[in-house]
Amino acid sequence: LMNFEYTGGMAKELREAHELQQRTETLNIDDEDSRRNDGIDDDECSIESEELKDDTKLRLPSTEALSFLHVAHPHGARTNHVQCLIVREKSKGLAKKGTTYQLILEDTKKCMILAKKMAMNKTSNYHLFDMTRGLVNENLTKKSGNYLGKLRAVNTSRTKYVLVGKASEREEIAGISFDRNSMYNQISEGSQPRKLQALLPALDSNGVPIPHKTTSEAESMHDKEASDKSQFFRLTTKEPTFENGNYRLNFKGRVSVPSVKNFQLISPDSPDDIICQFGKVGDDRFHLDYKEPLNAMQALALALCQFNL
């Protein structure tokens with residue numbers, strides 16, 4: 001497997017990105033996710049390309065060897081975002097080994113991260129593994145050398161999550177929360193798109209998140225939403241437009257199947273700048289595009305939360 005490490009500021013260039021060739025269309029049908037979940041998220045696709053004019057490189061660490069996965073890149077190799085594919089493999093049979101999610105870098109077609117949903121936990125947990133250092137079919141555990149960290153729900157209603165690194169569960173690198181409509185509002189106002197917020201720590205000079213260290217649950221990143229905002233990046237979902245009975249977002253050809261899971265994230269200060277977008281493109285296949293201040297782990301964590309509501 002390809003090694004995505006960069007040493008001393010020298011990069012191994014990614015393979016050329018695939019050209020986007022999709023026709024303009026607006027989708028107005030709901031998939032099975034839309035019918036059974038608590039919202040609708042229809043998509044507009046256009047042929048507008050995200051390709052950059054110059055062959056600029058990703059941000060590279062300059063002082064030590066750091067994984068591609070930990071660095072928040074300002075853009076992809078030749079596109080405005082780092083473009084990825086998520087492939088979901090649902091647990092089957094009586095063994096219940098847990099559903100897995102592969103994060104695949106589209107430029108190389110190589111799996112970067114494998115996330116595994118852990119069974120028999122009081123709250124939802126996903127373990128993340130660096131697949132640039134291992135094989136997908138390996139028996140992966142927290143003791144594996146490629147263990148990256150864990151995404152866990154902090155409440156039983158699965159509306160709040162924290163992403164922690166492998167060094168310590170007291171070192172948080174993302175806080176994610178959802179606003180869930182009450183049953184009364186759903187009946188009175190109808191189904192509405194999901195709303196999420198993400199709180200991210202500041203980046204160091206290499207573009208790597210500086211973990212938020214806690215000593216108790218009361219000091220979690222979720223408790224920082226009302227204070228110390230200057231020390232964090234805050235992202236929120238982009239509000240869709242409502243037309244002809246459907247909610248719509250323009251994914252510029254990257255999403256082809258309407259789903260309640262589809263979303264775009266923005267900074268409240270720059271509502272037209274898409275930081276991250278996620279959407280369905282087929283059965284158990286989803287596109288995930290992200291850029292700074294998100295790294296690969298944080299972006300995948302945002303997507304995993306959508307599968308757990």
Side-chain angles (χ1 to χ4, degrees), residues 32-33 36-39 41 69 86-103 113-131 139-144 146-183 193-200 211-212 214 216-223 225 235 237 259-263 265 276 278 280 284 286 288 290 294-309:
E32 60 182 0
D33 291 326
R36 77 184 159 168
N37 283 286
D38 59 353
D41 191 359
L69 309 178
I86 292 178
V87 177
R88 174 177 59 182
E89 185 175 346
K90 297 178 181 178
S91 178
K92 298 179 180 179
L94 299 177
K96 295 293 182 182
K97 294 182 178 180
T99 300
T100 61
Y101 304 84
Q102 293 184 49
L103 181 68
I113 302 176
L114 184 138
K116 182 178 181 182
K117 187 173 184 179
M118 309 307 294
M120 307 301 291
N121 283 279
K122 184 178 180 180
T123 58
S124 299
N125 280 267
Y126 296 84
H127 287 184
L128 279 61
F129 300 92
D130 182 354
M131 300 317 297
N139 184 23
L140 300 171
T141 68
K142 290 182 68 174
K143 295 182 179 180
S144 302
N146 56 346
Y147 175 70
L148 288 171
K150 176 172 67 175
L151 173 72
R152 63 180 178 87
V154 298
N155 58 7
T156 55
S157 59
R158 297 172 296 177
T159 57
K160 289 188 175 183
Y161 300 81
V162 291
L163 177 64
V164 297
K166 65 178 180 180
S168 170
E169 293 202 11
R170 294 299 184 190
E171 295 187 356
E172 301 176 351
I173 52 179
I176 304 165
S177 60
F178 287 86
D179 294 331
R180 177 169 286 178
N181 289 330
S182 66
M183 185 62 67
R194 296 172 176 173
K195 295 181 180 180
L196 75 86
Q197 295 187 50
L199 208 61
L200 311 171
H212 171 67
T214 66
S216 67
E217 291 291 341
E219 297 179 354
S220 173
M221 291 187 70
H222 291 291
D223 298 308
E225 293 182 13
L235 303 179
T237 44
S259 171
V260 69
K261 297 180 177 66
N262 300 347
F263 70 83
L265 285 183
C276 177
F278 169 79
K280 191 170 184 178
D284 297 317
F286 306 82
L288 176 65
Y290 68 92
L294 289 167
N295 66 14
M297 287 180 61
Q298 294 166 323
L300 178 58
L302 289 166
L304 292 174
C305 294
Q306 295 288 342
F307 296 110
N308 202 45
L309 292 179

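Heads up: numbering here begins at 1 and tracks the sequence. Please read these numbers as outputs of a predicted model, since none were measured by experiment.
- In this structure a side-chain-to-backbone donor-acceptor pair under 3.5 Å is present from E172 to M221.
- Within the 4.5 Å cutoff, no side-chain heavy atoms of I173 are placed close to those of N295.
- Using modelled atom types, no side-chain atom of S144 and backbone atom of N146 make a donor-acceptor pair closer than 3.5 Å.
- The only option from K90, E89, H127 that meets the side-chain contact (heavy atoms from CB on, under 4.5 Å) definition with T100 turns out to be E89.
- Closest non-hydrogen pair, Y147 versus T141, comes out as CB-O, 4.0 Å.
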Tell me, with the steps shown, if K166 and L148 meet side chain to side chain contact (heavy atoms under 4.5 Å, CB included). CA-CA 5 Å; K166 65 178 180 180; L148 288 171; 5.9 Å; no

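- Here the side chains of K160 and T123 are not in contact, with every heavy-atom distance at 4.5 Å or above.
- Looking at residues two or more places apart in sequence or on another chain, you find no salt bridge (charged side-chain N to carboxylate O under 4.0 Å, His left out) involving K116.
- Side-chain contact between I176 and L302: present, with at least one pair of heavy atoms (C-beta onward) separated by less than 4.5 Å.
- The side-chain heavy atoms of R194 and K261, taken from C-beta on, include a pair separated by under 4.5 Å.
- Nearest heavy atoms, F263 versus Q306: CD2-NE2, 3.4 Å.
- A pairwise comparison of heavy atoms in L163 and A301 identifies CD2-CB, 4.0 Å as the closest pair.
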Between L103 and L128, does the side chain to side chain contact (heavy atoms under 4.5 Å, CB included) criterion hold? Intermediate values first, please. CA-CA 10 Å; L103 181 68; L128 279 61; over 6 Å; no

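- R152 places no side-chain N or O within donor-acceptor distance of the main-chain N or O of V164, the cut-off being under 3.5 Å.
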Evaluate L151 against N125 for side chain to side chain contact (heavy atoms under 4.5 Å, CB included), listing each step before the verdict. CA-CA 6 Å; L151 173 72; N125 280 267; over 6 Å; no

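- Remark: of the listed residues I86, L114, L300, I113, L114 is the sole one forming a side-chain contact (heavy atoms from CB on, under 4.5 Å) with Q102.
- Contact record, R88 with F307: NH1-CD2, 3.5 Å, taken as the closest heavy-atom pair.
- Here N308 pairs with K117, S124, Y126, R158, Y161 under the side-chain contact (heavy atoms from CB on, under 4.5 Å) rule; sequence neighbours left out.
- When all heavy atoms of L304 and A115 are compared, the closest pair comes out as CD1-CB, 3.7 Å.
- In this structure, the separation between CG on L196 and CZ on F178 is 4.5 Å, given to the nearest 0.5 Å.
- Residues S220 and V162 approach most closely at OG-CG1, 3.7 Å, considering heavy atoms.
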